[in-house]
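As structure tokens, the structure follows; a few thoughts come after it.
First listed ligand is number 1; within each ligand, the first listed atom is number 1.
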Amino acid sequence: MPSVPISSAWPILPFWLVTSGVFVLGLFLGSFVSALSWRMPRGYSILSIDGSKRSVCPHCRTALGVRDLVPLFSYLFSGGKCRHCHKKISRRYPLIELMTAVFCTVLFVFTPLAQASIPGFLIMMMLALTLSAILAIDLEHKIIPNRLNIAVGVLGAAALLLPYITAAASLETLGKTLGTAALTAAVYGILPIVIRYVFFLVTKKDALGFGDIKFFAAAGLWLSLSALPLFLIISGLGGILLGLVWKKATGEDAFPFGPALIIAFTICLCLPEKILSAFL
Ligand SMILES: [Zn+2]
């Protein structure tokens, strides 16, 4: 990934101001994620923009105005209640908005790609949106939709090719880059299948869902092989922790592994190569 300083992309505004802007952008992307993560697992169309069907309060059906549609703040100022019928609004909305904003901000601050160019920035914001949607859907439905794993993979491929499209990298290295990426994605994709198989032999239980395995492969298009040990350590520990909390909170043994994978992936994506390879 190209490592161009922020100053070259945003020469005028101070970094904290740009970062605050990214956070606010993330809140608005978060309202989209809260709608997407509600619709996608239920099989509804995601991008149906129907003028006659404005957002309404699920209780009193009052059409929501601009004052009700400011992410997070509408919820906070209304005390989590509808302004018209005063019934409670689900906490998932502000939580998903906040989570998406955090993903956007973290990826903006810590990945060189997000700061290097506008296309790089857009790729990272779409990745933040996708990660937030996967986390929300997996927590609520214990599935990772194929389309979201594909989105992670396609964005990874776009990030790899971007330097060649913008001529920041010489085409001579393209073959090597693609070969390395394909090999890395294969290793990331095969390893969880092995883990699943061994875990099943030992415990007779399924450790990883197929959605999780596909996420591994998509993550392999983003991460290097040297990030693999840390990725496994963090997702493994995160999974154990999540499993314990899940059992305590719901009494169920089966828990969604996606959130642990997403956190591990985000951390590995944000750490410089030097630190990642120290875990090898
Ligand atoms: Zn209402």
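- Lys81 pairs by the salt bridge (Lys or Arg N to Asp or Glu O under 4.0 Å) definition with nothing, not counting sequence neighbours.
- Contact detail for Pro71 and Phe28: the closest heavy-atom pair is CD-CE2, 3.5 Å.
- Both Leu113 and Val109 are members of a single hydrophobic cluster when ILVMFWY side chains are connected at heavy-atom separations under 4.5 Å.
- Under the 6.0 Å distance and 45° angle rule, Lys204 counts as a cation-pi partner of Phe200.
- In this structure, Arg196 satisfies the cation-pi test against Phe210, with its NZ or CZ atom closer than 6.0 Å to the six-membered ring centre and inside 45 degrees of the ring normal.
- Proximity of a side-chain donor or acceptor of Tyr188 to a complementary backbone N or O of Ser224 within less than 3.5 Å is detected.
- Excluding waters, the set of protein N/O/S atoms under 2.8 Å from the Zn ion (ligand 1) reads Cys57 SG, Cys60 SG, Cys82 SG, Cys85 SG.
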